[in-house]
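Residues take their numbers from the sequence shown, with the count starting at 1. Atoms considered below: every heavy atom in the structure, side chains included; atoms not considered: hydrogens, waters and symmetry mates.
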Amino acid sequence: MRHEFSSTSVRLLLMSLLVAVLMSSGCSEDQTPSPVGSEQAPTAASGHSLNKPVASVADSRVARESTLALAQWESWSVSRLIRASEGGSVSIDAFSINIPAGALAQDTEINITCDSDTYLQGEFGPDGTQFKIPARVTISYANAKLNGIKSSNLSISWFDPASNKWVDLGGTIDTNSKTVSVPVWHFTQYALSSR
């Protein structure tokens, strides 16, 4: 017995299979990345490890004390030109980055956007920016919902889009200023996490 399929039927079947594969692999439009751990960090063209992981991170992002209102969240973005020869810093809400002189290859418009209304999580950019010497990301936990988490267990994690996982970087905790900071070699999403 021989079955004949029209080219339209074949296309519909292939498109349905493709959609099913994409949906099962987590590529839906409204889905946000979920931290599930990581085993290795990518390497920059310069040979530096891009934020070598300390440990895998399950969904251990730290929540805000109170969720941001939609109107607040949509306007939480800042951008500033940083001159490569001078360096500088950019801050918004709980997030800041300090870029030393000589870290950037050229003058760059640096931006930080709050990309979660629930978690202390921010997108640092422009995407693809890498540093010749490390910059320092700092996240304040003054407005964090710690729920019994000791400040000594706080860290910063970064989202690795290649593996779709969060990577724990550790960090230096300053209990006086209620901040965690860590050196970074590139831009991505950074979040306050707990271990």
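Formation of a donor-acceptor pair under 3.5 Å by the Thr108 side chain with backbone atoms of Ile110 is not found in this model. Between the side chain of Arg80 and the backbone N or O of Asn111, no donor-acceptor pair lies under 3.5 Å. Panel note: side chain Thr129, backbone Asp127; no donor-acceptor pair is recorded below 3.5 Å. With Ser60 contributing its side chain and Ser194 its backbone, the two residues share a donor-acceptor pair below 3.5 Å.
The two residues Leu120 and Ala94 come nearest to each other via the heavy atoms CD2-CB, 3.7 Å. For Leu146 against Val62, the heavy-atom pair with the smallest separation is CD2-CG1, 4.2 Å. Closest non-hydrogen pair, Gly170 versus Val180, comes out as O-CG1, 4.4 Å. Ser193 and Ser157 get closest at one heavy-atom pair: OG-OG, 2.6 Å. Minimum interatomic distance between Thr175 and Ser151 (heavy atoms only, all atoms of both residues): CG2-OG, 3.8 Å. The heavy-atom pair separating Lys132 from Ala105 by the smallest distance is CE-CA, 3.8 Å.
In this structure, the separation between OG on Ser77 and CD1 on Ile112 is 9.0 Å, given to the nearest 0.5 Å. Atoms OH and NZ, on Tyr119 and Lys145 in that order, are 10.0 Å from each other to the nearest 0.5 Å. To the nearest 0.5 Å, atom CZ of residue Arg195 and atom CG of residue Leu154 are 9.0 Å apart. Going from atom CD1 of Ile139 over to atom CD1 of Ile156 covers 4.0 Å, rounded to the nearest 0.5 Å. The distance from the CG atom of Leu104 to the CD atom of Gln130 is 11.5 Å, given to the nearest 0.5 Å. To the nearest 0.5 Å, atoms CG (Leu192) and CG (Asn143) are separated by 11.5 Å.
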**Prompt:** Is there a side chain to side chain contact (heavy atoms under 4.5 Å, CB included) between Phe95 and Cys114 once you walk through the steps?
**Reply:** CA-CA 9 Å; Phe95 312 99; Cys114 291; 3.7 Å; yes

**Item:** Thr138/Asn98 under side chain to side chain contact (heavy atoms under 4.5 Å, CB included): CA gap, chis, key distance, verdict
**Value:** CA-CA 8 Å; Thr138 301; Asn98 186 10; over 6 Å; no

**Prompt:** Between Thr188 and Asp160, is a side chain to side chain contact (heavy atoms under 4.5 Å, CB included) present by the stated rule, with each step listed?
**Reply:** CA-CA 8 Å; Thr188 184; Asp160 178 5; over 6 Å; no

**Message:** Run Val90 and Ile92 through side chain to side chain contact (heavy atoms under 4.5 Å, CB included) and show every step you take.
**Reply:** CA-CA 7 Å; Val90 180; Ile92 187 170; over 6 Å; no

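Side-chain contact between Lys165 and Trp158 is absent, with no heavy atoms from C-beta onward closer than 4.5 Å.
Under the rule for a ring pair (Phe, Tyr, Trp, His ring centres under 6.0 Å), the partners of Phe187 that lie at least two apart in sequence or sit in another chain are Phe131. For the side-chain hydrogen bond (donor to acceptor under 3.5 Å, both in side chains) test, no residue two or more places apart in sequence or in another chain qualifies with Thr172. Remark: Phe124 engages Tyr190 in a ring pair (Phe, Tyr, Trp, His ring centres under 6.0 Å) (not counting sequence neighbours). Partners of Thr179 under the side-chain hydrogen bond (donor to acceptor under 3.5 Å, both in side chains) rule, at least two apart in sequence or in another chain, are Ser177. For Arg83, the salt bridge (Lys or Arg N to Asp or Glu O under 4.0 Å) partners are Asp107, not counting sequence neighbours. With sequence neighbours excluded, no residue forms a side-chain hydrogen bond (donor to acceptor under 3.5 Å, both in side chains) with Glu86.
Checked by atom type, the side-chain pair Thr113/Glu123 shows no donor-acceptor distance below 3.5 Å. A donor-acceptor contact closer than 3.5 angstrom links the side chains of Ser155 and Asp168. At a cut-off of 3.5 Å, with distance as the only test, a side-chain donor of Arg136 or Ser181 sits close to an acceptor on the other residue.
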